[in-house]
Chemist: 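Shown below is the structure under consideration.
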Amino acid sequence: MNIVVCVKQVPDTATERKLRSDDNTLDRDAADGVVNELDEYAVEEALKLKEAHGGEVTVLTMGPGKATETIRKALAMGADKAVHLSDDALHGSDALSTSYAMAQALNKVGFDLVVLGSESTDARTGVLAAMLAERLGVAQLTLANKVDVDGTSITIQRITDYGYDRVEATLPAVVSVVEKINEPRYPSFKGIMAAKKKPVETLAIGDASIDPSQVGLAAAWSEVVDFAAAPPRAAGTIVKDEGDGGAKAAEFLASKKFI
Amino acid sequence: MIAPTALFALDTLLTEEEREIRSTVRRVCDREIRPHVAGWFEDGELPARELARTLGSVGVLGMHLDGYGCAGMGAVSYGLACLELEAADSGLRSLVSVQGSLAMYAIWKYGSEEQKQEWLPAMAAGERIGCFGLTEPDFGSDPGGMRATAKREGGDWVLNGTKMWITNGSVSDVAVVWARTDEGVRGFLVPAGTPGLTVNDVKHKISLRASVTSELVLDGVRLPGEAMLPGARGLSGPLGCLNEARFGIVFGSMGAALDCLETAIAYAGDREVFARPLASFQLTQEKLADMALELGKGLLLAVHLGRLKEAGTITPEQVSAGKLNNVREALEIARKCRTLLGASGVTLEYPVIRHSVNLESVLTYEGTSEIHTLVLGKALTGISAFS
């Protein structure tokens, strides 16, 4: 089975994240880049599927040169090879144009199954899996906490408020995963050494037949018009218990519409 | 604000691969160790088997050895792993040092092919744990005086004696035990459960509480002839292993110091005294600056020694210099950070007092600070003050 895992480099959530003042896009130099956490679960699931069914795991990422760090991490976990879609023309692409560019790259690379995290910790749109499936004309199985493949049929389980959905489809397909699905392995030292020797192919937009007028900041359907720094945290409210502490706490919660 | 290590641009001395290894170990510590370690320390318990498997899966155990399932990494990578582990807790670094640099190294360096095949792959994976029995109740700095004996009986060996302060003792599957024979000191592999071997844990420790420390009592322990390590004869065998382990401490101790300093800097920024941040006082800034200097110097020394080790030119005196300086300064940094944290500094809510009391053990084991001082004295004068 030919599995492609889409991974994204995002600013470390533990550091202060900033937007650029010139074009309102993410300031990638302001914070350390890390692998989007949910994508690690996607890599783990792809590796498990490969271990069970054979085949090959290819990492696909779209991002600037710095994103090779993320590729190396996925390769160190055990993926076989990587494709890095990198072009200045892609800067500022929104979810819609990203899904177009990624779909073009996926068509070029070829796949039986595409696996990705259900959302990224930076933009948090959570729509890429659905958009990709539409663009590729294949089934979408989103928010999976369990994946089973049997021949050309794929089944996922999705937790809902009332239990879980079982969703079945025929390959090829796009699956997005949630953090309950597995426990991602740590890249082993041997994996880190081996990653240096694994093939990484870099694609410019022309290599993936991507139309430059459909990507980048100018082509984005959504626009960041303005932004402001998060306000400093306000001082908390202290409820003094004079026998009526419970009632006062309840009043406070009600005033904030928690109850 | 910059990190204390940025003052020395330490990362520019490391390869990309070394930085990746460091970040992997840091991540393992952040997820698997840091959330629990204060509790383990308080309870005096350690899930050693579980941790060994996790660390083994990453490749930490015996990482600086080649073949037999070991990762074959350089000395600086090994040092950085020790640094990250000890930034979490010296007890965890002790587990890894004893497994990789004492037990596994002894088998790797002095063992027969059969011994290596039997033990090393499983120990690298963390499926089996090892310990190292050299020190005795009355013989620490002077191992040459050891009383444990191994006597030939037909084709077998029979061991008698007591080994003390043995890290990983009661969780071990195999003990590397050093004993006096007619042909000098020799090493033996004693599997757990061998009749005549009794293992008792040392309770009531105030230091290295997140680490297993035991006594090994050998009372007529009968071993087959092939249990002896063929490649080691005389004290140079065990001393060669100790040299490996104390190299890891050169880095590790700086990890404990770094964790203390980062904690103190954050605390001094948050804590207000006389209506302004503790960090704004000149006495505080002097403490922080002095500590950052010693930390940076210690780390530069560690990386330098690591490169010498990778080149194969490092001497035991140089390792002594590194261990003596870095543990001494780490302990000083931990104590000074404790003063910045005030009363909070004595609680387990912050890692500082835990590091501080752990480092009291690190100051003494793997060659006491006194012995390392005399090693340097001997190197400088040509006169041995201790033998």
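The shown structure was predicted, so the numbers you read here are calculated from the model rather than taken from an experiment. Letters go in sequence order (proteins before strands), and every chain restarts at 1.
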Chemist: With a sphere of 6.0 Å drawn around NZ of A/Lys180, does it hold more than 12 non-hydrogen atoms of other residues, nucleotides or ligands?
Modeler: no
Chemist: Report, as yes or no, whether the 6.0 Å neighbourhood of atom CD on A/Glu51 holds more than 12 heavy atoms from other residues, nucleotides or ligands.
Modeler: yes
Chemist: Might you confirm whether atom NE2 of A/His91 has over 12 heavy atoms from other residues, nucleotides or ligands at distances under 6.0 Å?
Modeler: yes
Chemist: Keeping the roles fixed (side chain from A/Lys190, backbone from B/Gly69), state whether a donor-acceptor pair exists under 3.5 Å.
Modeler: yes
Chemist: Measuring from A/Met193:CE to B/Ile21:CD1, what's the distance to the nearest 0.5 Å?
Modeler: 7.0 Å
Chemist: Take B/Leu55 and A/Tyr186 through the side chain to side chain contact (heavy atoms under 4.5 Å, CB included) test and state the conclusion after the steps.
Modeler: CA-CA 10 Å; B/Leu55 294 166; A/Tyr186 296 106; over 6 Å; no
Chemist: Give the minimum heavy-atom separation between A/Phe189 and B/Ala71, together with the two atoms involved.
Modeler: CB-CB, 4.0 Å
Chemist: So which part of B/Val25 gets closer than 4.5 Å to some heavy atom of chain A, the side chain, the backbone, both or neither?
Modeler: side chain
Chemist: At a heavy-atom separation under 4.5 Å, does B/Ser77 approach chain A through its side chain, its backbone, both, or neither?
Modeler: neither
Chemist: Do other residues, nucleotides or ligands put more than 12 heavy atoms under 6.0 Å from the CZ atom of B/Arg276?
Modeler: yes
Chemist: Set out, in order, the CA-CA distance, both residues' side-chain angles and the distance that settles side chain to side chain contact (heavy atoms under 4.5 Å, CB included) for B/Glu20 and A/Glu69, then state yes or no.
Modeler: CA-CA 9 Å; B/Glu20 280 177 42; A/Glu69 297 162 7; over 6 Å; no
Chemist: I'd like to know whether CG of A/Asp241 has more than 12 heavy-atom contacts from other residues, nucleotides or ligands below 6.0 angstrom.
Modeler: yes
Chemist: Can you confirm whether more than 12 heavy atoms, excluding those of A/Asp22, are under 6.0 Å from its CG atom?
Modeler: yes
Chemist: Between A/Arg72 and B/Glu16, does at least one N-O distance fall below 4.0 Å, as a salt bridge requires?
Modeler: yes
Chemist: Before giving the answer on salt bridge (Lys or Arg N to Asp or Glu O under 4.0 Å), spell out for A/Glu40 and B/Arg27 the whole-Å C-alpha distance, their side-chain angles and the decisive distance to 0.1 Å.
Modeler: CA-CA 13 Å; A/Glu40 287 185 34; B/Arg27 191 126 182 250; 2.7 Å; yes
Chemist: Give a yes or no on this: more than 12 heavy atoms of other residues, nucleotides or ligands lie within 6.0 Å of atom NZ of B/Lys116.
Modeler: yes
Chemist: What's the shortest heavy-atom distance between A/Ser188 and B/Ser57, and which atoms?
Modeler: CB-O, 3.7 Å
